[in-house]
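Each remark here refers to the structure printed beneath this line.
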Amino acid sequence: MINLSSTLKISFRALWVNKMRSGLTMLGIIIGVGAVIAMLAVGTGASNRISEHISSMGSNLLIVLPGATTSGGVRMGSGTQPTLTTADAEAILRECPAVSNVAPVLNGVAQVVYGNQNWSTGIVGTTPDILTVRDWPLVSGRLFTYQDVRRATKVSLLGQSVAENLFGDMDPVGQIIRIKNIPFTVIGVLATKGQSPQGQDQDDTVIVPVTTAQKKLFGTTFPGMVRRIMVKAKSTEELLSAEKQIAELLRQRHRIGPKQENDFTVRNLTAFMQAAEESTKVMTILLGAIASVSLLVGGIGIMNIMLVSVTERTREIGIRMAIGARTWDIRLQFIIEALTLSLAGGIAGIIIGVAGSIILSMLAGWITIVSVFSVIIAFGFSGLVGVFFGFYPAYKASLLDPIDALRYE
Amino acid sequence: MPLIDAQDISKVYRLGDIEVRALSGVSLKIGKGEFVAVMGPSGSGKSTFMNILGCLDKPTGGRYLLEDIDVGSLDRDALAGIRNKKIGFVFQGFNLLPRTSALENIELPMLYDGNSARERRQRALEALHSVGLEGRGEHYPSQLSGGQQQRVAIARALVNNAPIILADEPTGNLDSKTSADIMELFVKLNSGSDITIILVTHETDIAAYSKRAVKFLDGSIVSDECKAGS
């Protein structure tokens with residue numbers, strides 16, 4: 001058997017002699033691979049963005065909101081009827097087996113003052129579990145305890161934006177800030193969370209014990225009232241059962257008859273986001289599939305050129321056969337030519353695809369992520385295209401009759 | 001043991017319903033070191049016979065033993081191996097690879113024999129020397145004259161140390177002066193190194209260089225003469 005380096009040399013020479021033709025043939029693969037990589041980068045970018053939003057919200061998250069009031073036939077929208085209490089939150093944690101953490105929330109906007117600085121921000125009254133529910137760590141200081149909640153102590157955790165606006169480079173932990181003129185000790189600073197899916201700055205917040213918010217900052221229409229209850233389910237699989245358990249429990253607690261409507265709503269944001277993530281994944285596959293079609297067309301281009309090349313070089317094949325080339329020597333020569341075209345096109349296509357995704361993200365402002373996986377897939381696929389579409393011409397060449405091939409003009 | 005032992009070889013082509021009998025019962029023995037001219041008008045079957053001798057084609061009847069190997073029983077790749085090691089071809093139209101240097105053309109048979117690059121280069125240079133083309137190794141066929149191209153082809157036939165050279169009208173495309181030079185080279189190779197040369201030609205002055213003349217007519221051998229003292 002002929003050695004591989006010699007076959008490579010023969011094949012490279014044949015391609016080099018027809019530079020223009022080889023280049024144009026490669027172009028089909030370049031465009032195909034480039035398109036696959038760029039399209040997958042757009043799709044991966046989109047789904048990564050959604051995944052980030054999901055994780056910034058907190059995973060397996062359910063939000064229980066109070067129901068809507070109706071005033072003279074006009075329904076006022078969810079949250080207008082204050083029906084949820086801290087007792088509901090405690091009951092959810094106690095009674096619903098699919099729930100792992102619960103954080104009731106009473107929030108409002110207030111002016112926060114430190115020294116000569118002041119800042120208007122959202123105050124969130126809640127329990128220590130909020131950080132688990134939202135997957136939100138502290139960067140310094142400590143978390144308040146349930147004892148703080150029971151005693152309604154005046155302690156606070158600052159979001160990064162608030163900390164920066166009030167303290168600048170200073171460490172806020174241990175300092176006293178005033179919220180609605182009431183002094184609060186800063187006991188911790190939260191990690192940066194970034195934007196919410198709606199574009200809000202999630203770090204522009206101050207967290208205080210829920211009881212403190214109820215009794216000292218915002219007041220309540222009835223004891224223990226909260227605006228919403230954030231719930232973390234034990235797992236993604238248990239999200240739906242958690243949703244059901246919460247609904248059942250609250251109907252019971254709120255004494256809602258079988259034919260009456262709920263006076264609360266349970267929102268499954270994670271499921272919603274996962275649906276969005278799922279649909280971007282489908283979009284990614286779709287984009288990739290469309291781009292693959294051009295790769296396929298590129299492969300057919302290679303086959304076309306290889307068939308022409310075999311016909312053109314019939315005499316050369318005859319000479320090689322007369323001199324002692326075996327079936328596989330001839331086949332290998334043409335397969336390697338096709339493979340070289342497709343792999344070189346693949347490499348160029350990867351470069352073009354990566355460059356294309358960078359340009360796309362600059363021009364259109366989309367987040368594009370070129371995954372190693374997509375590069376490997378595209379490159380592997382182009383190699384496969386080369387072997388697949390190169391084999392038939394090579395097979396045809398190897399079956400030529402040496403006498404006829406030698407006589408071919 | 002004769003080098004070539006063709007026993008009752010026949011070849012029938014089938015073109016649709018018509019049977020064309022190209023060879024009918026040809027027997028021929030050729031020993032080592034012979035220089036045989038195969039002659040005959042076109043259509044006499046001499047080319048078909050040469051293709052069979054060269055293992056490019058298989059007979060439809062009879063047996064062909066090459067160095068006691070029954071060639072008829074071999075498959076495509078085994079025949080390619082025989083052509084590679086036992087037979088050197090010289091064609092009328094030279095049949096060198098275009099855009100490939102003389103040396104690389106000469107290296108070609110060794111390529112399919114799996115020799116190392118260094119050995120290939122060394123033996124190709126030796127073969128180039130033996131046909132008197134030193135210094136032309138890097139030239140492309142298009143840069144060489146007809147006679148020089150045929151010398152490269154002969155060097156290619158020699159390079160794998162094949163015991164047989166099959167030359168099919170090797171001087172058909174050359175002028176008489178160059179033809180004589182090429183024939184002198186064949187004579188030299190034949191007398192110097194015991195290579196068996198089988199030459200197809202229809203020109204008597206070219207055939208005159210050989211030691212034995214076999215004449216074909218209508219698919220059969222009509223005469224087989226040894227010339228003493230040539």
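To find a chain, count down the sequence lines: A is the first, B the second, and so on, and within it residues start at 1.
Counting only distance, with no hydrogens or angles, the side chain of A:R320 and the backbone of B:Y112 share no donor-acceptor pair below 3.5 Å. The backbone N or O of A:T327 lies less than 3.5 Å from a partner atom in the side chain of B:D77, making a donor-acceptor pair.
Distance check, rounded to the nearest 0.5 Å: CG of B:N51 to CD1 of A:I403 gives 4.0 Å.
Looking at B:L108, B:D113, B:L97 one by one, the single match for side chain to side chain contact (heavy atoms under 4.5 Å, CB included) with A:I323 turns out to be B:L108.
In this structure, no portion of B:N160 lies under 4.5 Å from any heavy atom of chain A. For chain A, the nearby part of B:E104 is the side chain; its heavy atoms alone come within less than 4.5 Å. With a 4.5 Å cut-off on non-hydrogen atoms, B:R99 touches chain A through its backbone and its side chain both. If you measure heavy-atom distances from B:L79 to chain A, you find no contacts under 4.5 Å at all. For A:R313, no part lies near chain B; criterion is any non-hydrogen pair under 4.5 Å.
In the displayed structure, A:F381 atom CZ is contacted under 6.0 Å by at most 12 heavy atoms of other residues, nucleotides or ligands. Counting heavy atoms of neighbouring residues, nucleotides and ligands inside a 6.0 Å radius, atom NZ of B:K85 exceeds 12 of them. In A:F388, the CZ atom is not crowded: 12 or fewer heavy atoms of neighbouring residues, nucleotides or ligands sit closer than 6.0 Å. Taking a 6.0 Å sphere around NZ of A:K9, one finds it holds 12 or fewer heavy atoms contributed by other residues, nucleotides or ligands. Within a 6.0 Å radius of CZ in A:R49, no more than 12 heavy atoms belonging to other residues, nucleotides or ligands are found.
Using a 4.5 Å cut-off on side-chain heavy atoms (C-beta onward), A:I10 and B:L111 make contact.
Listed here is the closest heavy atom pair of B:A80 and A:A325: CB-O, 3.6 Å.
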Subject >> side chain to side chain contact (heavy atoms under 4.5 Å, CB included) evaluation trace for B:R156 with A:I319 >> reply: CA-CA 11 Å; B:R156 183 178 66 187; A:I319 295 169; 3.6 Å; yes

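The most heavy-atom pairs under 4.5 Å with chain A, out of B:N84, B:N95, B:L96, come from B:N95.
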